[in-house]
2 protein chains.
Amino acid sequence: MSGGGTGETNRGTRTKSGEGRHDALANALAGAIQAGALAPGEWLKQIDIEQRYAAKRMDVRRALDRLVQKRLVMHQPNRGYHVVKPDGRLAQEIRDVRVILETGAVDAIVARVRDEDVAQMQRLAQRFDALLPGGTIIDLHDANIAFHGRLLGLCGNPELVLLVEELRGRIPSAGAGQWQKRSRIEQSNREHFAMVEALAARDAGALRTLIRAHILQQQEEEPAPVGHSRPAER
Amino acid sequence: MSGGGTGETNRGTRTKSGEGRHDALANALAGAIQAGALAPGEWLKQIDIEQRYAAKRMDVRRALDRLVQKRLVMHQPNRGYHVVKPDGRLAQEIRDVRVILETGAVDAIVARVRDEDVAQMQRLAQRFDALLPGGTIIDLHDANIAFHGRLLGLCGNPELVLLVEELRGRIPSAGAGQWQKRSRIEQSNREHFAMVEALAARDAGALRTLIRAHILQQQEEEPAPVGHSRPAER
DNA sequence: ATGTGAAAAATTGGCGCCAATACAGATGCC
DNA sequence: GGCATCTGTATTGGCGCCAATTTTTCACAT
C-alpha cells in the first residue's frame, strides 16, 4: 500500500462506534480507500493490513468481507481482495439515486423544519464558509458532510440519512478528486447559503433544484481515466 | 419452520448467485427470517444453524455477520445473534424511503419505457393474476417481486433496483403477515393492472400515486405485537 | 537473448481445538 | 419456603496451524 499514515485517520466515524475491532478496521480501510490512500485496483494483502493496523488475521478477513459487502472492494477466490476501480457509470447511477432520495426528502424537510433548525443550518453553512480559506480538504469535506447530514436529518427519517451516507461512501474515489478544484468548493459554499435561504423561505421547489444541482455538479470530467492497474488482467 | 424441505428452499435466489457458501447460507437465513420461519427475537444458535444447514462453523459465523450488516439480526457479544424484533417505526421509515425511491424513478421510467416493455409488464401482471386463485403465498410474493423489480428496472438504474430490493428485504417480518389477507392481495392485483395502464398512457402522475398507495398500503394494523420473547431482557 | 518448464516462496482459505463467558440447575443457608 | 451462591454445562469467540492455490523465481533448452 502507498504512504498512508499510522492511524489512517478514521475520519469517517460513521455508523455507531464501538461494534468491534473488526468494524473499526473496516471503517479505517474504507476511509483509506475513499481518501485515496489505497489506489483503485490495488491488491489488499491480508498480511500487510495485519501488520499495518496491528490487527489479528481474523479481524482483517472480517473487515475485508465487510468492505466487499459495501462494494468498496472486490474479492476473487484464492486471489485476494482488491480495491474496486472507479466506474463512472456506477457513480452516475449512485448520484442519480442520491438526487432522488435527497430531493424526495425535501417535502418532509420543509414541512418539519423549525426556525431554530434554519438557524443551525445557517451556522453549519457559515462553518463551511469559515473553513474555506484555511481548512484542509478533509475539514471541508467533513463540514460539507455535516451540513448535508443535518439538512437531511430534518426530514425526520434516520434510515434515509443512513442510506444516503452509505451511498456517498460508495462513490468510488470521488471524494478526493473533485474537491481539489477551488472554484467548485466556492460554488458549493454559495449553494449552501442558497439552500439555507430556500429553507428559511420554505421554498420546496427551489430547495429541490439546488440540491439536484449540488449533487450532480460533482461529476468527474474525465470519462475514461487511463493507465490504471487493472486487477482483472491475468 | 414452515413447510420447508431439507435445503430450506433458498427461494429468494436474490442478488447474484455464486459468491460463496457463506453467501448462500446468509440468503437462506434471510429468507427464513422474512418468511417467518425464524421468529423475531429468537436466538440464532450457531450449532443449530450448523446442523440444520449442514454448514461449517466459519460459514455460519460469516453469514450471521452478514445478516448483522443487513440489519436483519443483532449481535450481543458473548451472547449470540438474535433476530431483530419488528420495529414499526423503522418499517415505516423504510417504507417512506421506498416511496421516495420508487416514485422518484417514475420520471425515468416513463421517459424510457417502450411499447414492448408495457407488454411485458402486462404479462407480469397477468402472471400474478393467474396465480391469485391457486398459487401459494410464496409464489404470489415472488410474482409480485418480479413485477415491481421489472417495473423499477425500466428506469435504467440497476443500482436503484438493487437498493430497493435490499430495502424490501429489511422490512422486518412484514413479508408474510400482510400477504395473508386475501382482500389485500386482490387489491394489489388490481393496482398492478392500473400501473400498467398508467405506464401505457405515460401518465407519470398517476403512476406515482399508484406506487405510493401500493407501498404504503402494506402497513401492519397491529402497532404493538405483545407476547414476544424479548432478547434484551437479561 | 528469449521462451518454456518446473521448483520454491508467498498468500489465501479452511478447519479444529481450547479458553472465556454466560446460562441452568442443584445445593446450602436464612 | 424463598433466596443467594456455587458448580456443571452449553455456547460463543479467538487463535493458530496446515492444506490448496497462486505467483514468482530460476534454471535450462532452443
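Just the heavy atoms: all of them, side chains too, but no hydrogens, waters or symmetry mates, feed the values below. Naming convention: chains lettered A, B, ... in sequence-line order (proteins, then strands); numbering from 1 in each chain.
The CH2-P distance, from W43(B) to dA22(C), rounds to 12 Å in whole Å. Taking atom CD1 on I49(A) and atom C1' on dT11(C), their separation rounds to 13 Å, with Å as the unit. Between the CD1 atom of I47(A) and the C1' atom of dC17(D) there is a distance of 14 Å, given to the nearest Å. dA10(D) atom P lies 13 Å from atom CD of Q51(B), rounded to whole Å. Atom CG in L44(A) sits about 12 Å away from atom P in dG13(C), given to the nearest Å. Nucleotide dA22(C) holds its P atom 17 Å from the NZ atom of K45(B), rounded to whole Å. In this entry the distance linking CG of D59(A) with P of dG14(D) reads 7 Å, nearest Å. Atom OH in Y81(B) sits roughly 12 Å away from atom C1' in dT11(D) (whole-Å rounding).
In terms of phosphate contacts, K56(B) brings no side-chain nitrogen or oxygen within less than 4.0 Å of OP1 or OP2 of dG14(C). Note on H75(B): every side-chain N or O is 4.0 Å or more away from OP1 and OP2 of dT12(D).
The residue among R62(B) and R57(B) whose nearest nucleotide of DNA chain C lies closer to the 5′ end is R62(B). If Q46(B) and N78(A) are placed on DNA chain D by their nearest nucleotide, the residue sitting closer to the 5' end is Q46(B).
Atoms CG and CG, from L44(B) and L29(B) in turn, are 6.5 Å apart once rounded to the nearest 0.5 Å.
Here the nucleotide nearest the side chain of M58(A), chosen from dG14(D), dT12(D), dC15(C), is dG14(D).
Side-chain atoms of R61(B) and base atoms of dG14(D) include a donor and an acceptor less than 3.5 Å apart.
Aromatic ring pairs are classed by plane angle as parallel below 30°, tilted from 30° to 60° and perpendicular above 60°; the pair H148(B) and H192(B) is perpendicular.
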For a side-chain hydrogen bond (donor to acceptor under 3.5 Å, both in side chains) check, start with the C-alpha distance between D65(A) and Q69(A), then their side-chain angles and the critical distance, and finish with the verdict. CA-CA 6 Å; D65(A) 192 58; Q69(A) 248 191 298; over 6 Å; no
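Donor-acceptor pairing under 3.5 Å is recorded for the side chains of R150(B) and Q120(B).
When heavy atoms are screened at a 4.0 angstrom cut-off, R21(B) is found touching the sugar-phosphate backbone but no base atom.
Evaluation of the salt bridge (Lys or Arg N to Asp or Glu O under 4.0 Å) rule for R127(B) yields no partner, not counting sequence neighbours.
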